[in-house]
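A short write-up of the structure that comes next.
Note that this is a predicted model, so its numbers are computed, not measured. A, B, ... follow the sequence lines: proteins, then strands. Residue 1 opens every chain.
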Protein chains: 2
Amino acid sequence: MKRSGPVLVHSQPFPEIDWRNQILQGHCVTEMERLPAESVDVIFADPPYNLQLGGDLMRPDHSKVDAVDDAWDQFESFQAYDAFTRAWLLAARRVLKPNGTLWVIGSYHNIFRVGASLQDLGYWILNDIVWRKTNPMPNFRGKRFQNAHETLIWASRDAKAKSYTFNYEALKASNDDVQMRSDWLFPICSGGERLKNEDGAKAHPTQKPEALLARILLASTKPGDVVLDPFFGTGTTGAVAKRLGRDFVGIEREEEYVKIAQQRIADVEPLDDDDLKMAAGKRAEPRVPFASLVEAGLVTPGTELTDSKRRYRARVRADGTIAVGDDAASIHRIGARVQGLDACNGWTFWHVKEGKNLTPIDELRQLARQRMATAAIA
Amino acid sequence: MKRSGPVLVHSQPFPEIDWRNQILQGHCVTEMERLPAESVDVIFADPPYNLQLGGDLMRPDHSKVDAVDDAWDQFESFQAYDAFTRAWLLAARRVLKPNGTLWVIGSYHNIFRVGASLQDLGYWILNDIVWRKTNPMPNFRGKRFQNAHETLIWASRDAKAKSYTFNYEALKASNDDVQMRSDWLFPICSGGERLKNEDGAKAHPTQKPEALLARILLASTKPGDVVLDPFFGTGTTGAVAKRLGRDFVGIEREEEYVKIAQQRIADVEPLDDDDLKMAAGKRAEPRVPFASLVEAGLVTPGTELTDSKRRYRARVRADGTIAVGDDAASIHRIGARVQGLDACNGWTFWHVKEGKNLTPIDELRQLARQRMATAAIA
DNA sequence: GGCTATACTGAATCCAATT
DNA sequence: AAATTGGATTCAGTATAGC
């Protein structure tokens, strides 16, 4: 029978040969301190976000949102969270090679604190990266903007570290020959990729998509590099590392997660060396809000819109709605309402007068799209 | 001759009547301290990250770091930047109304420090917003991802401040009827919008696009609100505020920028009031008790109510409650009870029979509202 | 089998007025 | 002031059920 999965190791200190491609069950700081100094090329960290949620949140259909209320995400104060952050960042810095880099992911709840802490400790920020979610959870109460992204920080160990790995050419080639930007678009982890328990419930509340990890590893590591994940969870980092021909070290406190990760990684088939190229992420299909046309001055507030047969009129307002008398709503709603229909595509229905002619606002949208697609020529 | 531009004011303290729609030339903290407490609705701040403070050059960015003591030096400069940040955030918090909100924009060089500081001071983050640039500057050396975005933080003055302004419905209506996300796409400020000196050089190094400020003000202010910008620069905030029928206060240290901003704002033509009305949803409608529908005869006692699938029935009573058997309570409570839920919107749940069709009682409520509006005019 | 309708879900700091 | 009550609020998907 062949040995297929990673194995727990509890001896101390780790012999050089033993700690690669294994999951260490324990506290992130303790376990990192057992690793040799300057031994890993890249660290990916998905620490607790310290969400500080209040009461229950219900959807409009009265179902309850399954919140992240696990004990590991609870901290007494910002101070306590900062102390925790500094501790693991410091331990991480010791095990990082001089030209190694660190990735951290977070949300607005914690990422500012993490960013400030890592600057304080001497890390040097190379980029902040925005993971734009194609399918984020809505804001159910309509009290804020839909929280549609998370933030990653990519940092080198030192300000003067200049020869960190960045596969610029590969990224550019995989991105229609334009350089990879700091905003990435990926779906959240769901469907078949999402690990489930026997009862069908999600195995881990915050499992990250493999595509995200793939881009990270393809950008900042070479085949054979060692990637450390001190908050291993169900092992996304390990699975992607193995598939991409990188070595990994995972640290995870919960035995349940460790078991799941072991099985998951054992099931991964590494790619052939030839196939180690990146799967391109979805290209951004820009939704252009009507508000953007107003904000951009392509349509000015007060402009009269009319349909192609000039039977109906509406007036553009500064907030990006349009009004017939005192009745104001979206271009679609008002279009439907004046015609007595249930629905209407306002983009094709409404026109602006240009001299004697009428131009559908959809053409202005095209114009806006072109402007937005045009890259600056340095 | 009409007075067309904002005017400098140097008296102290400011009389209530004097400080609106003016540019105060001076240091942001000093000038904010002269403003009345709890007097502005929204603050937009675009702070420097490379600033002069007490004669010492701030350098959280890549500028010359002494080889001998760079860790200490970095710590020193971050410390100084944090002190500056806390000072202006504190002064800003004093002038903010209890339900006021603060916007700050920054890049990875400073935004993590700003975010951590404002959390420490008691601000409550509502969203972080990503401004994705359609035309960012490329990364010339190919050593990093193209830095294609900046980050904004939107925060309320206190954690418990619940009734801050957020024009949810207007934003949604202007965005193809889906809620506005936390990632926004705008071009950088260039072309005709970019202010130039006589020699053709850009007048200000970090002039923000008006579209960005328009989105911010349309999202978080009402017409007539006061917007403070403590780092006014060439007055983008003032220009957009004036155009959108908001009042502004600008603080700027450089006389050159003040002059440019004055002229710029003087040239702005405000929009008509009609074009500035904000779309509002049901939340803004006056509350109509179900009892008043009964009193007005729109629903008569004894009428049978049913849900859209005719699964449940209830009977209207003269006191404006409804009853299932002997169990009587509000339309909401009974609606929840029959379904076994803990909440229910009775207005949309219950219907009256009209011939073969069912009409939601919400339509009767609309009718009642119209009658009340008519009666108020008569 | 294939199509349609319904149900369920995701790192969420998610109410406001009245009694 | 704390507790109660009225009643407003969701996007992109996957999974399952029904026909």
Side-chain angles (χ1 to χ4, degrees), chain A residues 46-70 72-75 78 105-111 131 133-151 187-194 196 200-202 204-209 231 233 287, chain B residues 99 119 123-128 155-156 159-164 166 168-169 172 175-182 280-291 320 329-336 341-350 361-362 365:
Chain A
D46 183 8
Y49 287 8
N50 188 25
L51 286 186
Q52 302 181 256
L53 302 178
D56 289 345
L57 177 63
M58 310 297 284
R59 296 187 176 83
D61 65 3
H62 302 119
S63 63
K64 192 175 136 189
V65 173
D66 183 17
V68 178
D69 53 4
D70 306 65
W72 49 256
D73 199 48
Q74 311 296 323
F75 292 83
F78 283 135
I105 186 167
S107 65
Y108 65 83
H109 310 85
N110 70 322
I111 198 65
W131 167 28
K133 303 179 183 183
T134 56
N135 48 353
M137 191 186 296
N139 185 286
F140 294 114
R141 301 296 294 262
K143 297 303 293 181
R144 303 180 177 191
F145 296 94
Q146 181 183 32
N147 190 10
H149 74 276
E150 294 190 25
T151 301
I188 60 176
C189 182
S190 66
E193 188 184 329
R194 189 85 194 207
K196 305 277 167 55
K202 57 191 173 193
H204 192 283
T206 70
Q207 186 184 340
K208 296 293 177 288
F231 306 96
R287 179 196 293 277
Chain B
N99 286 316
Q119 286 181 313
Y123 286 98
W124 193 248
I125 298 180
L126 299 169
N127 280 113
D128 60 334
S156 63
K160 48 188 184 300
K162 296 289 186 189
S163 44
Y164 54 85
F166 179 56
Y168 174 78
E169 291 83 6
K172 182 174 172 177
N175 190 41
D176 280 8
D177 291 323
V178 293
Q179 52 183 220
M180 190 68 80
R181 298 169 43 115
S182 56
K282 283 186 179 179
R283 274 186 279 235
E285 299 276 306
R287 181 170 289 193
V288 176
F290 183 67
S330 73
I331 51 173
H332 313 295
R333 294 293 147 202
I334 297 296
L341 299 173
D342 52 2
C344 165
N345 184 339
W347 290 111
T348 51
F349 180 72
W350 294 111
I361 58 175
D362 204 28
R365 179 169 64 158

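Nearest to the side chain of B/Lys282, among C/dA11, D/dT9, C/dG10, sits D/dT9. Among the nucleotides D/dC11, D/dT9, C/dA11, the one closest to the side chain of A/Pro60 is D/dT9. Side-chain proximity of A/Leu53 to C/dA11, C/dG10, C/dA12: nearest is C/dA12. Nearest nucleotide to the side chain of A/Tyr49, out of C/dA12, D/dG7, C/dA11: C/dA11. Candidate nucleotides D/dT10, D/dT14, D/dA8 were compared by shortest atom distance to the side chain of A/Pro138, and D/dT10 ranks first. Taking every side-chain heavy atom of A/Leu57 into account, C/dC14 is the closest of C/dC14, D/dA8, D/dC11. Proximity note for A/Asp61 (side chain, C-beta onward) versus C/dT9, C/dA12, C/dA11: the nearest is C/dT9. Considering only the side chain of A/Phe140, C/dG10 comes nearest among C/dA12, C/dG10, C/dT9. In this structure, of D/dG13, D/dT9, D/dG7, it is D/dG13 that holds the atom nearest to the side chain of A/Thr134.
The backbone N or O of B/Gly346 lies less than 3.5 Å from no partner atom in the side chain of B/Arg333, so there is not a single donor-acceptor pair. The closest donor-acceptor contact from the side chain of A/Lys208 to the backbone of A/Thr206 lies under 3.5 Å. Not one N or O on the side chain of A/Arg141 forms a donor-acceptor pair closer than 3.5 Å with the backbone of A/Leu57.
With sequence neighbours excluded, the residues forming a ring-ring contact (aromatic ring centres under 6.0 Å, His included) with A/Phe75 are A/Tyr81, A/Phe84, listed by chain and number. In this structure B/Lys282 satisfies the salt bridge (charged side-chain N to carboxylate O under 4.0 Å, His left out) test together with B/Asp362, sequence neighbours excluded. With sequence neighbours left out, A/Gln146 forms a side-chain hydrogen bond (donor to acceptor under 3.5 Å, both in side chains) with no residue at all. For B/Glu285, the salt bridge (charged side-chain N to carboxylate O under 4.0 Å, His left out) partners are B/Arg369, not counting sequence neighbours. Every residue meeting the salt bridge (charged side-chain N to carboxylate O under 4.0 Å, His left out) condition with A/Lys64, not counting sequence neighbours, appears here in chain and number order: A/Asp56. Under the ring-ring contact (aromatic ring centres under 6.0 Å, His included) criterion, A/Phe145 pairs with B/Trp154, B/Phe166, B/Trp184, not counting sequence neighbours. Qualifying salt bridge (charged side-chain N to carboxylate O under 4.0 Å, His left out) partners for A/Asp73, counting only residues two or more places apart in sequence or in other chains: none. For A/Asp61, the side-chain hydrogen bond (donor to acceptor under 3.5 Å, both in side chains) partners at least two apart in sequence or on another chain are A/Ser63.
Separating the C1' atom of C/dA12 from that of D/dT5 is a span of 24 Å, rounded to the nearest Å. If you take atom C1' in D/dC19 and the same atom in C/dG1, they sit 12 Å apart, rounded to whole Å. Between D/dG7 and C/dG10, the distance separating the two C1' atoms is 26 Å to the nearest Å. Comparing D/dT10 with C/dT9, their C1' atoms are spaced 12 Å from each other, to the whole Å.
Using a 30° and 60° split on the angle between ring planes, B/Trp347 and B/His332 fall in the perpendicular class, above 60°.
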Is there a side chain to side chain donor-acceptor pair (under 3.5 Å) between B/Ser182 and B/Asn127 once you walk through the steps? CA-CA 7 Å; B/Ser182 56; B/Asn127 280 113; 5.6 Å; no
Filtered N/O pairs between nucleotides 17-19 of chain C and protein, under 3.5 Å:
none

Between the protein and nucleotides 16-18 of chain D, which nitrogen or oxygen pairs come in under 3.5 angstrom?
none

Tabulate atom names and distances for all N/O pairs under 3.5 angstrom spanning the protein and nucleotides 3-7 of chain C.
none

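Listed pair B/Asn345 / D/dA8 meets the phosphate criterion, a side-chain N or O lying under 4.0 Å from OP1 or OP2. For B/His332 and D/dG7, the shortest distance from a side-chain N or O to OP1 or OP2 is below 4.0 Å. Note on B/Tyr164: every side-chain N or O is 4.0 Å or more away from OP1 and OP2 of C/dA16. Between D/dA8 and B/Arg365, a contact under 4.0 Å exists linking OP1 or OP2 to a side-chain N or O. Within the 4.0 Å cut-off from OP1 or OP2 of C/dC15, at least one side-chain nitrogen or oxygen of B/Lys162 is found.
Base pairing in DNA chain C gives the following stems of 3 or more Watson-Crick or G-U pairs, range against range and under 3.5 Å: C:2-10 with D:11-19, C:15-19 with D:2-6.
Heavy-atom neighbours of A/Asp70 CG from other residues, nucleotides or ligands within 6.0 Å: above the threshold of 12.
When heavy atoms are screened at a 4.0 angstrom cut-off, B/Lys172 is found touching the sugar-phosphate backbone but no base atom. Counting non-hydrogen atoms under 4.0 angstrom, A/Asp46 reaches a base of the nucleic acid. No engagement by A/Pro209 is indicated, since no non-hydrogen atom pair under 4.0 Å with the nucleic acid exists. Nucleic acid contact class of A/Thr206 (heavy atoms, under 4.0 Å, all strands): base. Using a 4.0 Å heavy-atom criterion, one finds that A/Cys189 contacts no nucleic acid atom at all. Residue contacts for B/Thr348: at a heavy-atom cut-off of 4.0 Å it reaches no nucleic acid atom on any strand shown.
When each of B/Val288 and A/Pro136 is assigned the nucleotide of DNA chain D with its nearest heavy atom, B/Val288 is the one assigned upstream, toward the 5' end. Mapped onto DNA chain C by nearest heavy atom, A/His204 and A/Lys143 fall at different nucleotides, with A/His204 at the one closer to the 5' end.
For the residue pair A/Asn139 and B/Gln179, the shortest heavy atom distance occurs at N-OE1, 2.6 Å.
Looking at heavy atoms from C-beta onward, A/Asn110 lies out of side-chain contact with A/Leu51 at the 4.5 angstrom threshold.
With hydrogens and angles left out, the side chain of A/Lys133 and the base of C/dA11 share no donor-acceptor pair within 3.5 Å.
The separation between A/Asp56 atom CG and C/dC15 atom P is 12 Å, rounded to whole Å. Per the geometry, CZ belonging to B/Arg181 stands 20 Å off P belonging to C/dC14, to the nearest Å. Rounded to an integer number of Å, the gap from A/Met58 CE to C/dC8 P is 13 Å. Here the C1' atom of nucleotide C/dC15 and the CZ atom of A/Arg144 are 12 Å apart, to the nearest Å. Put simply, CZ on A/Arg59 is 7 Å from P on C/dT9, counting in whole angstrom units. The interatomic distance linking A/Lys202 (NZ) with C/dA11 (C1') rounds to 8 Å, in whole Å. Whole-Å rounding puts the B/Arg333 CZ to D/dT5 P distance at 6 Å. The interatomic distance linking A/Asn139 (CG) with C/dC15 (C1') rounds to 12 Å, in whole Å.
No hydrogens or angles considered: a donor-acceptor pair under 3.5 Å links the side chains of A/His109 and A/Ser107.
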